[in-house]
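Order of appearance sets the numbers: ligands from 1, and atoms from 1 within every ligand.
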Amino acid sequence: MRQLTTPEQAREFVLDRRFRGHTVGVVPTMGALHDGHLELVRQAKQHCDVSIATIFVNPTQFGPGEDLDKYPRLLEQDLSLLERIGADAVFLPSSESIYPPGFSTFVEAPDVGSPLEGVCRPSHFRGVTTIVCKLFQILPATHAFFGRKDYQQLKVIEAMVRDLNIAIEIVACDTVREEDGLALSSRNRYLDSAQRIQALALSRALQRAQAMATAGTRQTEQLEQAMRQELDGHADHPGVDRVEYAVVVDAETLLPLTDLNRPAVALIAAFVGQTRLIDNRLISALI
Ligand code: PAF
């Protein structure tokens, strides 16, 4: 596996493969890799001739008081996982090469970034669009792979690519879950064993919303109420400590919906202890 540390090396690596007529799939990550990330690399290998992962903990997407300093950094472990899975290359830029002194150009997030995470983490998506746009400049790949676990991020990146005419195909990949339903996340490492049980309330709430929709409930308010009950917990199942949002919204715009008359997605953000978790599920209604 080639380790590319400067933007120049990385661009040259990708352009060389593109000139040879190869497709190149990029998997942007912030490291602390888990099976969800590795599945993105597997998909990149399956779809493309060449796969390249990036590891960069992007400071501009963390707000004041968020977990930038304690975000897990496990480079040696990440490199051996990528090597084992057969990634062709990894891009490991320094902070100075991405944000040199005097850096002041940002990519504004599109409208779909405004609700939900946009309210709770006001500068987050501006940091995401800026870094992802920069990565797409540095690595002129044919395809980029993102998980549906960060559903709003995926929609933000799809909109950015459309709005800025970036010549790359975004491939969305399903969320990878533990057997008990917990969505894989680098932040799960922060949870102790009791908190890990509390965290299951998120996937349970999403399942309950889908079960109600399957049984014929169409009012999103009722689905949201049921999700909140599940997140609050009950006798056998502890709940989360604080819910930031638990909504069923339009799956494309992420704007409120009253009735399941369009493709919908249920999205949750909640705290377990100090750890902020997000999860989501597309909701299919009984026709
Ligand atoms: O999803 C992530 O890990 C990050 O937001 C991303 C896309 C790598 C940008 O830093």
| field | Per-residue contact class, T29 against ligand 1 - non-hydrogen pairs under 4.0 Å | value | backbone
| query | What atoms of ligand 1 come closer than 4.0 angstrom to any heavy atom of I131? | reply | 9 (C), 10 (O)
| Should you measure from each heavy atom of Q153, which atoms of ligand 1 turn up under 4.0 Å away? | 1 (O), 2 (C), 4 (C), 5 (O), 7 (C)
| said: Working note: Q210 + T214, criterion side-chain hydrogen bond (donor to acceptor under 3.5 Å, both in side chains); need CA distance, chi angles, decisive distance, verdict. | reply: CA-CA 6 Å; Q210 179 57 63; T214 305; 2.9 Å; yes
| request: State the atoms of ligand 1, each with its element, that fall below the 4.0 Å cut-off from a heavy-atom position in P28. | output: 8 (C)
| message | Below 3.5 Å, N or O to N or O, backbone or side chain included: is there any such pair between Q61 and ligand 1? | response | yes
| message | Taking K155 first and then E117, would you say they form a salt bridge - that is, a charged N and a carboxylate O separated by under 4.0 Å? | response | no
| said: Is it the case that over 12 heavy atoms from other parts of the model lie below 6.0 angstrom from the CZ atom of R189? | reply: yes
| task | Answer with yes or no after comparing the ring centroid distance for F91 and F13 against a 6.0 Å cut-off, counting only values under it. | result | no
| message | Regarding Q225 and E221, do their side chains bring together a donor and an acceptor under 3.5 Å, going by distance alone? | response | no
